[in-house]
K.L.:
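I'd like to ask you about the structure that follows.
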Amino acid sequence: MQEGIERLLCYTVTMQKKIFQYALLAAIMISAAGSWLAEQHAITASVSSPWVVSIIWFSLFATLLFWASIVSKDMLILEIVAIVSFLLSLYFAFDIKHLLIIAIAVALLLAGLHNVRSDLDLNVKISLWKSLRVGKWQILLALTLVISSQYYFTISGTAGQKTIPSIDLQPILQPLVAPVLGFLNPSLKSVQQDSMTVDQFILKSQEGADQSLGGMAFSEDYIDSQIPQDLPVVQREALKQSLLQQVSDSKKQLDQKKTELVLSEGRKQLSQVVGQPLTGQEKISEVFAGMVDKKINDYFQAPLGDGQANNVFPFILTTILFLTILPLGSVLSTLWFLLAIGFFKLCVRLGLVKIEKTTVEKEMIA
């Protein structure tokens, strides 16, 4: 009877350990799926706060990986679960290149898990903190690669291209317009006045140009020579003033027509350059700053050939993300280690994991 009870207790403990092992592996899979989903939501969201959720999910994922690396009985099953966990990222950003990066990350991850386990087996006395640090950088680098890769291939896609933010450079570029134009053309130094409009800029840039349209200039002596000499002095003076007034009016009309023609043609040409219609009342500094800003954003976001998105800006963002995750993960790894060691001690107390002392033979060089 007592022997039967002991067998039952032994069987119960064995089943509890198996349930714990499988529950831990299932938790790894769930935390991995939650991590990739949270990252996808953070990428497509218009605010930055969802990244906090991603950090929580990835911290849980990493903690479970480190915990499993020290308590798992079957490393082969753990490695298979780890591989599948990384492959889940393909669901959110399917790409052959992403798959290749995942393959590299998986190799690093397996190396990290193997290093942790090997160090544990080689220790005379268990030192969890030391063993976890042995595989820390491989596992952290593996996670960083997959996170950055999913981010890159998501924002590089057709749908992800919409998530690339526009860079508002106008406040930076606007003060630079005047010095640049003044350097290119000294007559345009007055552009430094913020109130200079497009029309004023066009007229200023035309100073010194061909003035043939307004070149009707008649001196008083010339007009006086054209008036019959036999007319009375009063009539001659009245006729001369009338002719001078007509010439002055004609010149003003010609100047006005010339100005209208110059402004019309100038607005037309400038509109083609900046890519938007101009009325002439816009500030020239804002127009040029907006044009340069638009060109920069168009370069980063415009599609390339064959429907592929421009990958310059996504690459820059991904590099920044990669360089952010590594140091952040290094800092958070302290918390991951503490949680993993705490869970391990809890498992020991609950009898799910047992620490035994064994006698081993060891080769030494004498």
Side-chain angles (χ1 to χ4, degrees), residues 16-32 34-35 52 54-83 85-86 104-148 322-364:
Q16 287 178 345
K17 290 182 178 180
K18 286 185 177 181
I19 292 173
F20 163 69
Q21 293 287 332
Y22 290 125
L24 179 56
L25 296 175
I28 292 175
M29 296 279 289
I30 294 172
S31 63
S35 298
V52 176
S54 296
I55 293 173
I56 295 173
W57 273 105
F58 281 115
S59 294
L60 176 61
F61 183 31
T63 300
L64 292 175
L65 281 175
F66 284 116
W67 183 19
S69 68
I70 58 180
V71 301
S72 181
K73 296 293 185 181
D74 192 335
M75 286 301 295
L76 178 60
I77 296 179
L78 174 60
E79 290 171 353
I80 293 174
V81 169
I83 293 172
S85 298
F86 271 24
I104 297 173
V106 164
L108 289 170
L109 175 63
L110 297 184
L113 294 175
H114 176 74
N115 288 342
V116 172
R117 197 66 189 186
S118 296
D119 190 78
L120 279 173
D121 294 338
L122 292 174
N123 286 337
V124 176
K125 185 176 181 179
I126 293 176
S127 176
L128 296 179
W129 193 275
K130 171 179 169 293
S131 298
L132 290 174
R133 285 181 63 85
V134 170
K136 166 188 169 181
W137 284 108
Q138 290 99 327
I139 296 175
L140 178 57
L141 183 57
L143 281 169
T144 304
L145 280 174
V146 182
I147 294 170
S148 301
F322 182 88
L323 296 176
T324 302
I325 293 174
L326 271 182
L328 178 62
S330 180
V331 173
L332 290 176
S333 63
T334 302
L335 174 63
W336 303 341
F337 288 178
L338 290 174
L339 289 174
I341 294 173
F343 291 149
F344 173 80
K345 292 181 177 180
L346 179 62
C347 292
V348 173
R349 285 182 175 274
L350 295 176
L352 298 175
V353 177
K354 186 182 294 185
I355 298 177
E356 296 179 344
K357 293 184 178 180
T358 59
T359 302
V360 297
E361 293 185 1
K362 183 179 179 181
E363 290 185 350
M364 295 182 64

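Throughout, numbering of the chain's residues begins at 1 and tracks the sequence. Computed from a predicted model, the values in this text were never measured in an experiment.
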K.L.:
In Å, rounded to the nearest 0.5 Å, how long is the span from CD of Glu79 to CG of Leu76?
P.N.:
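If I round to the nearest 0.5 Å, the distance is 6.0 Å.
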K.L.:
My understanding is that only residues two or more places apart in sequence, or in another chain, count here; which of them pass side chain to side chain donor-acceptor pair (under 3.5 Å) with Thr63?
P.N.:
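Residues passing side chain to side chain donor-acceptor pair (under 3.5 Å) with Thr63: none at all.
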K.L.:
Could you tell me the separation between the CG atom of Leu113 and the OG atom of Ser69, rounded to the nearest 0.5 Å?
P.N.:
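Output value for this atom pair is 6.0 Å.
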K.L.:
Does Ala68 have any side chain to side chain contact (heavy atoms under 4.5 Å, CB included) partners at least two apart in sequence or in another chain, and if so, which?
P.N.:
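With neighbours one apart ignored, the set is Leu24, Ile28, Leu78.
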K.L.:
Could you work out, with side chain to side chain contact (heavy atoms under 4.5 Å, CB included) as the rule, every residue matching Trp129, not counting sequence neighbours?
P.N.:
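Only Arg133, Thr334, Phe337, Leu338, Ile341 meet the side chain to side chain contact (heavy atoms under 4.5 Å, CB included) criterion with Trp129.
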K.L.:
Using the test side chain to side chain contact (heavy atoms under 4.5 Å, CB included), find all partners of Ser35 that sit at least two apart in sequence or belong to another chain.
P.N.:
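Scan of Ser35 (side chain to side chain contact (heavy atoms under 4.5 Å, CB included), adjacent residues dropped) gives Trp57, Phe58, Phe61.
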K.L.:
Show every salt bridge (charged side-chain N to carboxylate O under 4.0 Å, His left out) that has at least one partner inside residues 54-67, sequence neighbours left out.
P.N.:
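Every candidate salt bridge (charged side-chain N to carboxylate O under 4.0 Å, His left out) pair involving residues 54-67 fails, so no pair, neighbours aside, qualifies.
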K.L.:
Could you state the interatomic distance from CD (Gln21) to CG (Asp74), rounded to the nearest 0.5 Å?
P.N.:
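Rounded to the nearest 0.5 Å, the CD-CG separation comes out at 8.5 Å.
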K.L.:
According to side chain to side chain contact (heavy atoms under 4.5 Å, CB included), who are the partners of Ile325, at least two apart in sequence or on a separate chain?
P.N.:
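Partners of Ile325 under the side chain to side chain contact (heavy atoms under 4.5 Å, CB included) test: Thr144, Ile147, Ser148, Leu321.
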K.L.:
Quick one: do Ile83 and Leu109 satisfy side-chain contact (heavy atoms from CB on, under 4.5 Å)? Show the steps, please.
P.N.:
CA-CA 8 Å; Ile83 293 172; Leu109 175 63; over 6 Å; no
K.L.:
What residue pairs, at least two apart or across chains, pass salt bridge (charged side-chain N to carboxylate O under 4.0 Å, His left out) with a residue in residues 106-119?
P.N.:
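Listed once each, the pairs are Asp119-Lys130.
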K.L.:
To the nearest 0.5 angstrom, please state how far the OG atom of Ser85 sits from the CG atom of Leu65.
P.N.:
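The OG atom of Ser85 sits 7.0 Å away from the CG atom of Leu65.
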K.L.:
Over all heavy atoms of both residues, which pair between Ala105 and Leu145 is shortest? Give the atoms and the distance, please.
P.N.:
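Heavy atoms only, the tightest pair is CB-CB, 4.2 Å.
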K.L.:
Residues two or more places apart in sequence or in another chain: which of them pass side chain to side chain donor-acceptor pair (under 3.5 Å) with Ser333?
P.N.:
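Result, side chain to side chain donor-acceptor pair (under 3.5 Å) vs Ser333: Lys136.
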K.L.:
Taking the side chain as everything from C-beta on, heavy atoms only, tell me whether Leu339 gets closer than 4.5 Å to Phe344.
P.N.:
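In short, these two side chains do not touch, never coming nearer than 4.5 Å.
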K.L.:
Applying side chain to side chain donor-acceptor pair (under 3.5 Å), can you list everything that pairs with Ser118, at least two apart in sequence or on another chain?
P.N.:
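Partners of Ser118 by the side chain to side chain donor-acceptor pair (under 3.5 Å) criterion, ordered by chain and then number, come out as His114.
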K.L.:
Considering non-hydrogen atoms only, spot the tightest contact between Ser330 and Leu140 and give its length.
P.N.:
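In this case the closest contact between Ser330 and Leu140 is N-CD2, 3.6 Å.
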K.L.:
Let me confirm one number: the CG-CG distance from Leu110 to Asn115, rounded to the nearest 0.5 Å.
P.N.:
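Going from CG on Leu110 over to CG on Asn115, the span is 11.0 Å.
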K.L.:
With sequence neighbours left out, write down each residue that passes side chain to side chain donor-acceptor pair (under 3.5 Å) with Thr324, or none if nothing qualifies.
P.N.:
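Listed in chain order: nothing, the list is empty.
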K.L.:
Once ring-ring contact (aromatic ring centres under 6.0 Å, His included) is applied, do any residues pair with Trp67, and if so which ones, sequence neighbours excluded?
P.N.:
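So Trp67 forms a ring-ring contact (aromatic ring centres under 6.0 Å, His included) with Phe20, Phe343.
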K.L.:
What verdict does the side-chain contact (heavy atoms from CB on, under 4.5 Å) test give for Ile139 and Leu108, after you've listed the backbone C-alpha separation in whole Å, the side-chain angles of each residue and the deciding distance to 0.1 Å?
P.N.:
CA-CA 6 Å; Ile139 296 175; Leu108 289 170; over 6 Å; no
K.L.:
Show me the pairs that pass side-chain hydrogen bond (donor to acceptor under 3.5 Å, both in side chains) and involve residues 335-344, at least two apart or across chains.
P.N.:
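Sorted result for residues 335-344: Ser59-Trp336.
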K.L.:
Report the distance from atom OG of Ser131 to atom CD1 of Ile126, rounding to the nearest 0.5 Å.
P.N.:
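One gets 8.5 Å once the value is rounded to the nearest 0.5 Å.
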K.L.:
Start with the C-alpha distance between Ile55 and Leu332, add both sets of side-chain angles, then the distance that settles side-chain contact (heavy atoms from CB on, under 4.5 Å), and finish with yes or no.
P.N.:
CA-CA 9 Å; Ile55 293 173; Leu332 290 176; 3.8 Å; yes
